[in-house]
Amino acid sequence: MKLKTAVIQMDIAFGDPEENYKRAEKWLQKAADQGCQLAVLPELWTTGYDLTRLDEIADKEAAKTVQFLSAQAKKHRMHLIGGSVANETQEGVENTLIVINKEGELLKKYSKLHLFRLMEEEKFLKAGKDDGLFMLENEQMAAFICYDIRFPEWLRKHVLAGANVLFIPAEWPLARKDHWRTLLIARAIENQSYVVGCNRSGEDPKNKFAGHSIIVDPWGEVVAEAGEEEEMLIAEMDLSQVAEIRKRIPIFEDRRPAFYE
């Protein structure tokens with residue numbers, strides 16, 4: 001199966017959800033105009049890292065964002081990896097990723113498992129507890145958020161559960177751009193999976209962001225990569241490559257997990 005994919009490397013209006021819904025709507029229209037079957041948004045795209053105001057601007061149970069994304073998915077008949085949003089739950093605010101299929105159905109909510117202390121996430125956000133697995137077009141996939149990619153055992157757990165495509169929305173700073181690229185390529189090679197990294201562009205009061213959204217195939221080859229500025233990256237993923245690469249080098253058959261404890 002082939003999926004024409006749009007990776008939306010948008011700039012984010014700091015602490016302004018209404019403006020960001022408008023921006024996302026325009027980008028999703030552009031993706032639809034290009035005939036994309038799937039589109040990906042970045043991390044915390046409704047608010048940016050305006051963490052000190054989350055009590056004012058977080059989306060309660062992510063309800064407004066789910067409604068917005070569902071309407072966009074149905075309008076364009078396009079699957080959405082809807083980035084992540086500040087999600088106000090009964091237990092606290094979580095950094096929650098949303099997956100919607102082209103019928104507008106909510107397939108998954110995944111809250112970021114690993115909180116990034118360099119950006120003070122642990123002071124304002126509650127860590128998630130669940131996995132990032134979901135089925136789309138009869139394919140097992142998984143999604144993670146930004147800092148999660150520094151924990152290869154977390155991604156590998158999902159691949160062992162059948163995931164063939166790994167999505168990573170992010171707000172990754174420019175200062176560590178090389179880490180972003182290297183880690184994503186490594187995650188693709190070691191898991192023999194497609195990896196789709198959607199980073200934001202632009203800056204906020206404390207950070208300048210790297211951009212460089214990227215799609216990497218299961219062999220570790222870069223299919224497409226953006227620069228630092230706001231843009232939409234479009235490429236086709238041929239999911240049949242996953243089985244072909246895993247057959248070529250059968251690393252999953254050669255694992256010896258009894259020694260890994």
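The existence of a salt bridge linking K247 and E244 is excluded, since no basic side-chain nitrogen approaches an acidic carboxylate oxygen closer than 4.0 Å. A salt bridge does not link E121 with K126: every distance from a Lys NZ or Arg NE/NH1/NH2 to an Asp or Glu carboxylate oxygen is 4.0 Å or more. Using a 4.0 Å cut-off between charged side-chain N and carboxylate O, D11 and R200 make a salt bridge.
Taking the ring axis of W180 as reference, the NZ or CZ atom of K177 does not stay both within 45° of it and closer than 6.0 Å to the ring centre. Cation-pi geometry between R248 and W219 is satisfied (NZ or CZ under 6.0 Å from the ring centre, within 45° of the ring normal).
Partner of F144 under the side-chain contact (heavy atoms from CB on, under 4.5 Å) criterion, out of H114, K112, H158: H158 alone.
Within the model, atoms SG of C198 and CG of L41 stand 6.5 Å from one another, a figure rounded to the nearest 0.5 Å. Note that CD of Q29 is 8.5 Å distant from CE of M78, once rounded to the nearest 0.5 Å. Distance check, rounded to the nearest 0.5 Å: OG1 of T96 to CD of E43 gives 11.0 Å. Within the model, atoms CD1 of I100 and OG of S70 stand 5.5 Å from one another, a figure rounded to the nearest 0.5 Å. A distance of 7.0 Å separates CE of M1 from CG of L136, quoted to the nearest 0.5 Å. We find the CD1-CH2 distance between I98 and W45 to be 8.0 Å, quoted to the nearest 0.5 Å.
F151 places none of its side-chain heavy atoms less than 4.5 Å from the side chain of L113.
Sparse packing is recorded around CD of Q67, with 12 or fewer heavy atoms of other residues, nucleotides or ligands lying under 6.0 Å away. Counting non-hydrogen atoms of neighbouring residues, nucleotides and ligands closer than 6.0 angstrom, the NZ atom of K4 exceeds 12 such neighbours. Counting non-hydrogen atoms of other residues, nucleotides and ligands closer than 6.0 Å to CD of E153 gives a total above 12. The number of heavy atoms from other shown groups lying within 6.0 Å of CD (E56) is above 12.
Put simply, the side chain of D148 gets close to the backbone of I145: a donor and an acceptor are under 3.5 Å apart. Panel note: side chain T5, backbone L3; a donor-acceptor pair is recorded below 3.5 Å. The backbone N or O of A226 sits less than 3.5 Å from a side-chain atom of H212, completing a donor-acceptor pair. Of the possible polar contacts, none joining the N164 side chain to the S193 backbone as a donor-acceptor pair under 3.5 Å is found. Using modelled atom types, no side-chain atom of K102 and backbone atom of L38 make a donor-acceptor pair closer than 3.5 Å. The closest donor-acceptor contact from the side chain of Y194 to the backbone of D238 lies under 3.5 Å.
Between F68 and Y21, the two ring planes are tilted [angle within 30° to 60°].
Under the 3.5 Å distance criterion, with hydrogens and angles disregarded, no donor-acceptor pair is assigned to the side chains of S201 and E230.
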